[in-house]
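Notes for the one structure printed next.
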Amino acid sequence: MVEGHGPDLCAMSDEIWETPELNYQETKSVARHKDMLAQKGFRVSENIGGIPTAVMGEAGDGGPVIAILGEYDALPGLSQEAGIAEQKPRNDSDNGHGCGHNLLGSGAMLAAIAVRDFLQSNNLPGRVRYYGCPAEEGGSAKGFMVRAGAFDDVDVAISWHPAPFAGVNNPISLACNELEFHFKGRAAHASSSPELGRSALDAVELMNVGANYMREHMPSTARLHYALINAGGVAPNVVQANATVRYLIRARELDELIELVERVKKIAQGAALMTETSVEHVVVSGDANLIGNTPLEQLMYRKLEALGPPEFDEADRDFAREIQATLSEKDIRAAYARFGLKPRLDVPLCDTIFPPESGDGRHVGSTDVGTVSWVVPTVQMRGATYAIGTPGHSWQLVAQGKMPAAHKGMVHAAKVMAATASELFADPSLVAAAKADFAERREGRPFINPIPDDVNPPIPGYGEAAE
Ligand SMILES: [Zn+2]
């Protein structure tokens, strides 16, 4: 059933690759997703969570609700031609699909369509949904969708991500918050009347010093990064009256994150006090850490094991070798290390399945799927779609996004997701087991959405025309 719809969805993935759109601006990508859902007979709901570039398609009746989550946002500054192993930006866009979200969305929808076929042909009750989730890259759209109740009646959520290897995720991701600190001082001539000026840039520098001293006294798994959004101007002879620094704070657990964010806010206040400036902060985005689900992970792994790794051919491996020639041996070794695998430097493309519980918890990022996993039992897999060692968010990853290997890896992941969902529909006791595991893991851990109630996505007029 997956293979029957494979060509349509591979073509859609290529079209999404061709029109790389940044977070909350995915108008063409979401339109394409809506068309495909309608063409495949799904009931389409638009504007999910009040976000114009989010969509949901549903098929089937009654029974449990199983959601398959997709994404389609691209990254800035990663423009790249497809199918070549040299860096060459395209003429028509500055953006690129450097995280493989063109495949992520199309593969997830492919799985949902096959599950719809499975429900129909077996005459089973149940509703399968495809959620088109925009703005994963720094946008936390799923967190806003959770807040709006978009997943409230969902029993199980399934997703995947393109990767160098195929396997079921070891569910580690860091909770994170992105905040901007706006400092306001007083401009003055930096030489003739420096005593009249109060430098917002000084405050930012002192804040960063304070944060760097905090590093030693935070959990060793936590992360702190900052970027200067506004350094106050280009003239050194003007005391900078305004400066903004953006912080990304990450921690293993939500409660650790909340504590760290409060400490960083205190450091900002301290810097303002020292410099006689004022400071205001704005939360930009936030994701919860991932909560795993043992019954779902075991089920998905059984399906993956039964299917085996994706089957690549010599042409796929040849191109992957060309890509690997642009990488360092260190890149390739690091890719194996991240998945807890012994390095095999002569293997350009995945030919095996990484075992459960593998993976190195020190090398993890964040995902807004984490927020969903606090409200719905959630499982994810990695699908092998690119050369081993390809760095995330790189031109090499963009270049491989339309290759036959990417299509094969996407169809392969769709089969595993579809088989997982189908088994859940066929055996409702598995859904009950997933829910029991979820309840046990959530017990005594209150869910606090890391996106505060008064923070909205960067969409003009958001919330004004709420249904
Ligand atoms: Zn991604």
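These numbers come from a predicted model, not from an experiment. In listed order, ligands and their atoms are each counted from 1.
Only one option out of Glu253, Arg252, Glu256 pairs with Pro219 in a side-chain contact (heavy atoms from CB on, under 4.5 Å); it is Glu256.
Residues that satisfy the side chain to side chain donor-acceptor pair (under 3.5 Å) test with Thr371, not counting sequence neighbours, are absent from this structure. Residues satisfying the side chain to side chain donor-acceptor pair (under 3.5 Å) criterion with Asn212, sequence neighbours excluded, are Arg215, Tyr226.
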Residue pair Arg129, Ile66: steps toward the side-chain contact (heavy atoms from CB on, under 4.5 Å) verdict: CA-CA 6 Å; Arg129 290 183 185 165; Ile66 294 179; over 6 Å; no
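Ring-centre distance between Tyr130 and His33: below the 6.0 Å cut-off.
Less than 2.8 Å away from the Zn ion (ligand 1), the protein contributes these N/O/S atoms: Cys99 SG, His101 NE2, His161 NE2.
Identified under the ring-ring contact (aromatic ring centres under 6.0 Å, His included) test for residues 73-110, with sequence neighbours left out: His101-His161.
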